[in-house]
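Values in this document were obtained by computation on a predicted structure and should not be read as measured data.
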Amino acid sequence: MKRLFTMFITIAMMGLVLTGCGGSGSKEITAEPAKLAEDLAGTASGDTLSAVSQEILASTYLVDTAKIEDSAAYLGTGATACEAVVIKCTDTDYPAEVKKLFETRVSNQSELYASYNADEVKNLDNAIIKTSGSYAVLCVTNDTESAEKILKEAGF
């Protein structure tokens with residue numbers, strides 16, 4: 001009886017461990033960076049966000065373009081801090097570095113906007129920075145609820 005109980009507990013624990021190894025349950029991300037960035041940019045109001053070239057993306061976020069498979073970024077006019085960036089990296093290691101670069105960008109923007117448009121600091125405080133697989137995303141918007149919904153639908 002003791003042996004049967006021990007075996008049952010062992011099997012139950014193995015099941016829990018294997019379930020935990022399955023990850024967060026999120027699906028694989030297959031979104032095109034251009035479409036996802038455009039959708040995220042559409043959540044911002046009060047400013048016109050425009051697509052920027054990969055060169056501008058690289059100089060703004062200090063990313064290594066040699067480690068990027070595909071990317072898209074939308075930046076505002078400066079009237080707001082709103083922006084949307086989606087980067088698909090060539091491997092799954094680089095998104096962690098990109099996340100740090102995004103965090104630095106948000107911090108720098110917060111300091112800048114605090115000096116002349118303090119209302120935008122709230123949007124920067126609520127910036128969405130996520131990574132999943134080979135993707136890294138930054139979204140600064142005044143509608144984080146809609147942006148989160150878009151990202152969830154994309155697999156984040």
Side-chain angles (χ1 to χ4, degrees), residues 17-156:
V17 168
L18 290 174
T19 302
C21 291
S24 64
S26 64
K27 60 185 178 182
E28 181 180 339
I29 297 169
T30 57
E32 293 295 321
K35 174 68 173 134
L36 185 53
E38 180 181 16
D39 290 347
L40 291 171
T43 66
S45 61
D47 197 359
T48 302
L49 276 63
S50 301
V52 297
S53 68
Q54 190 171 27
E55 291 78 21
I56 299 293
L57 183 146
S59 65
T60 301
Y61 301 97
L62 307 176
V63 294
D64 182 351
T65 56
K67 295 180 180 181
I68 295 174
E69 182 178 322
D70 195 6
S71 62
Y74 284 77
L75 297 175
T77 61
T80 69
C82 295
E83 55 192 81
V85 186
V86 179
I87 295 177
K88 182 178 181 184
C89 303
T90 56
D91 63 55
T92 56
D93 294 329
Y94 193 53
E97 290 181 49
V98 174
K99 181 180 180 183
K100 290 178 186 174
L101 294 170
F102 285 167
E103 290 167 348
T104 299
R105 164 78 175 172
V106 168
S107 175
N108 292 342
Q109 290 291 88
S110 289
E111 290 176 22
L112 177 67
Y113 276 92
S115 67
Y116 77 93
N117 190 350
D119 291 338
E120 286 301 307
V121 175
K122 179 180 73 174
N123 291 336
L124 289 157
D125 288 343
N126 294 322
I128 301 168
I129 301 174
K130 294 187 178 220
T131 62
S132 184
S134 60
Y135 284 78
V137 172
L138 166 63
C139 183
V140 179
T141 181
N142 45 13
D143 187 358
T144 55
E145 187 176 315
S146 294
E148 287 284 6
K149 183 179 176 188
I150 290 167
L151 289 170
K152 184 176 182 181
E153 290 171 0
F156 283 89

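The CG atom of Asp64 sits 10.0 Å away from atom SG of Cys89, with the distance rounded to the nearest 0.5 Å. Rounding to the nearest 0.5 Å places CG of Leu151 at 7.0 Å from SG of Cys139. Taking CG from Leu62 and CG from Leu57, the interatomic distance works out to 10.0 Å, rounded to the nearest 0.5 Å. Gln109 CD to Glu83 CD: the interatomic distance, rounded to the nearest 0.5 Å, is 5.5 Å. Expressed to the nearest 0.5 Å, how far CG of Asn126 lies from CD of Glu145 amounts to 12.0 Å. Rounding to the nearest 0.5 Å places CD1 of Ile150 at 12.0 Å from CZ of Phe156.
The minimum heavy-atom distance linking Asn117 with Ala79 is given by the pair ND2-O, 3.1 Å. Of all non-hydrogen atoms in Val98 and Ala136, the two that sit nearest each other are CG1-CB, 3.6 Å. For the residue pair Ala84 and Ala37, the shortest heavy atom distance occurs at CB-O, 3.7 Å. Contact between Pro95 and Thr131 at its shortest, heavy atoms only, is O-CG2, 3.5 Å. The two atoms that bring Leu36 and Ala154 nearest to each other are CD1-CB, 4.0 Å, heavy atoms only. What you find for Tyr113 and Thr80 is that their closest heavy atoms are OH-O, 2.7 Å.
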| message | Before you tell me yes or no, could you show the steps for Leu40 and Val85 under side chain to side chain contact (heavy atoms under 4.5 Å, CB included), namely the whole-Å CA-CA distance, both residues' side-chain angles and the distance that decides it to 0.1 Å? | response | CA-CA 8 Å; Leu40 291 171; Val85 186; over 6 Å; no
| Worked verdict on Val106 versus Phe102 for side chain to side chain contact (heavy atoms under 4.5 Å, CB included) | CA-CA 6 Å; Val106 168; Phe102 285 167; 5.6 Å; no
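Applying the side-chain contact (heavy atoms from CB on, under 4.5 Å) test between Thr43 and each of Thr144, Thr141, Ile128 identifies Thr141 as the sole match.
Atom CD of Glu32 has 12 or fewer heavy atoms from other residues, nucleotides or ligands within 6.0 Å.
Considering only heavy atoms from C-beta on, Tyr74 stays 4.5 Å or farther from Cys82 through its side chain. Side-chain contact between Asp143 and Ser45 is absent, with no heavy atoms from C-beta onward closer than 4.5 Å. Contact of the Ile68 side chain with the Gln54 side chain is registered, since non-hydrogen atoms from C-beta on lie closer than 4.5 Å. Ile87 places none of its side-chain heavy atoms less than 4.5 Å from the side chain of Leu138.
Under the 3.5 Å distance criterion, with hydrogens and angles disregarded, a donor-acceptor pair is assigned to the side chains of Glu120 and Asn123.
A donor-acceptor pair is defined here as one N or O able to donate and one able to accept, closer than 3.5 Å; such a pair exists between the side chain of Ser53 and the backbone of Ile56.
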